[in-house]
Amino acid sequence: MTTNKLLLTGIFKPFGVSDEYGEALCTMELLNNQVTREQGIHSPRSNNPSFGLYLIAENVQVPTTVLDFPWWKDFTREVDSGEYTHIGISFIVPNVMKAKRMADYIREKSPKTKILLGGHGTSIPNLEEILTFDDACRGEGVAWMRRYFNEKVDRKIVHPVCPSAVTKFVYGGPIVRDAGIIVTGVGCQNSCRFCATAHKFEKRYTAFLFSGREVFEACEKTEKAMKVTDFALMDENFCKSPRRARQLLEEMTKAGKAYTFATFSSAETIGKLGIDFLVRLGVKFLWIGVESKANVFEKTQGVDLHKLIADLQNHGITVLASAILFMEHHDKESIHEDIDWAISLESDLLQFMEFGPIPGTKLYKDYDAAGKLLKDVPWPKQHGQDEIWFHHPHFTPKETAVYTRNAFIKKFQTHGPGVISMAQTYLKGYLTVQRETTEREAKGLVWNAELLRYVQGGKPGAVDEFMRKRLEAMRESALEFRPILTAAVDHAPNEAAREKAKKVRAAFNETFGAPTVLDRVMSGAVRVLAVSEKIRVMVKGGDVMRQPKTNRVAYPDRTGLDQSADGQRWTHAPGMPLVEDTADVVADITAG
Ligand code: SF4
């Protein structure tokens, strides 16, 4: 009998270079690629690990190795070892030629090894004409892989410990603070027709962590392993399940842990839960799809986005708004109105993404049927930051590349570096929440977890212990930015941005006191690093790429083990929900 052994790998580096496999604009980063693009040394840089691979590896019994950010030689060494009966390659659409090179190598050197494909790249039509493979996972990966290896599908999910980002730097200096990632679920029930995520997961939500207790346990586990209290909650709309979000707050309150979170939310969901709840929960960064002034999506209809974003920022929640360019209603006049409108929202960060028919989406099917897709645009060029790959009645592809770049430049010139806006928001929020907490304590107002608001009921003057912990976490979030403030002044793109950075620096001094010796040393170091980074950028004539380190993790062989054989990791704690309880979360989402 053959013993199965699985390798799960991401695509090989280098990233962010133009070669026969990829594009320089595809840096495998999030912020620098499509949010703080055109902000030069002010742009925070980082790579996000392939979370899905770790999640799958942790949740199958077949012995598995994860290889993340490999060099070509790291990958070929694994294949040449002859150990693997199965190799899974995860890739996005623009990286399909890298996946092809990897698949070709496996077929040549290890012909008996089965090639499995996963990730958004599997939506490419007629994929088998591009590369060789044996099977492809086109939906949720954990259940698919368990089914593939004939394992029990509905075992409880074991959450991996994983950082949310690696290779983090800004102004040429390292970003020291780490955060963990918690993947609470995938997919979205809203079915915006352009959305790759919604379509990949069949327009439904699949929860991995069903209750607030489970989310809290995943945070605690990550805190212990990584010594972090800050987390990215990977979920298209975490707060759309109010029950789970409320339970998470209850668990944190009981344990006295004021964790902080970055997550995604639709505008309508925020309104339903209220900002007091989000602040208490510890949400400090929200990604909101604002898409277009034209309000063409249900999720933004009836929401005053200017007011909502200002309210969130006043309470210390930084906002990344994302807008779409070259939609069907855009012409050469209305596109400028939309860009100006998106900038006028004054979000801390702003993504401009090109409207793009991505394989697998309804938009792709519609455009394909209507003959609107341009022929012969290579897949590596279909990433939404350069030229569009469909016929638009008012824009040529070449024009779209220029409009997109200019939109980022306009945001940068109007509001200055995103990191300064974030520093301003964290500081402003700390002051607002401090004042509000003090006022509520004086009046004897206490948090009502049912009503999700503060009500009369406490002794005037009694301290809200949990909010005092929350304030300390908010203070730390603001102070993280102190070392970069002077470098932002030094390299500001214009006078307005310089004044803004100076004001923020002065407000920090007023709030937290004069910089300590350590603050001055750190600030001085960042200034030196910023100058050398600027020289590097000038010499190179573009972004400086730092390739992430290869990460190889071997998971144990659990084949044939009873679910209880590996202690807690494989048991269902009494009363813990199984997969069928997805229905509960979905019902909660629908009701919410
Ligand atoms: S709400 Fe966001 S995640 Fe959901 S379908 Fe629309 S774009 Fe996608």
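No experiment lies behind these values; they were computed from the predicted model shown. Order of listing sets the numbers, starting from 1, for every ligand and every atom in it.
For ligand 1, the atoms lying closer than 4.0 Å to a non-hydrogen atom of Asn190 are 1 (S), 4 (Fe), 5 (S). Residue contact check: Glu236 has heavy atoms under 4.0 Å from atoms 3 (S) of ligand 1. Listed by number with element, the atoms of ligand 1 under 4.0 angstrom from any heavy atom of Ala198 are 5 (S). Numbered from 1 in the order shown, with element, the atoms of ligand 1 that lie under 4.0 Å from a heavy atom of Cys188 read 1 (S), 3 (S), 4 (Fe), 5 (S).
With respect to the salt-bridge test (charged N to carboxylate O, under 4.0 angstrom), the residues Arg155 and Glu151 qualify.
Closest non-hydrogen pair, Ala103 versus Leu131, comes out as CB-CD1, 4.1 Å.
Shortest contact from atom 8 (Fe) of ligand 1 to any protein heavy atom: Cys195 SG, 2.3 Å. Ranking protein heavy atoms by distance to atom 7 (S) of ligand 1, first place goes to Lys299 NZ, 3.4 Å.
Side-chain contact of Lys203 with His199: a donor-acceptor pair under 3.5 Å is absent, judged by distance alone.
Taking the six-membered ring wherever Trp is involved, the centroid distance between the rings of Phe395 and Phe326 falls below 6.0 Å.
Note that Lys372 lies in the cation-pi zone of Tyr367, set by a 6.0 Å cut-off to the ring centre and a 45° limit from the axis. Tyr426 carries Lys284 over the face of its six-membered ring, with the cationic atom under 6.0 Å from the centre and within 45° of the normal.
Residue contacts with ligand 1 for Cys192 involve both N, CA, C or O and side-chain atoms from C-beta outward (heavy atoms, distance under 4.0 Å).
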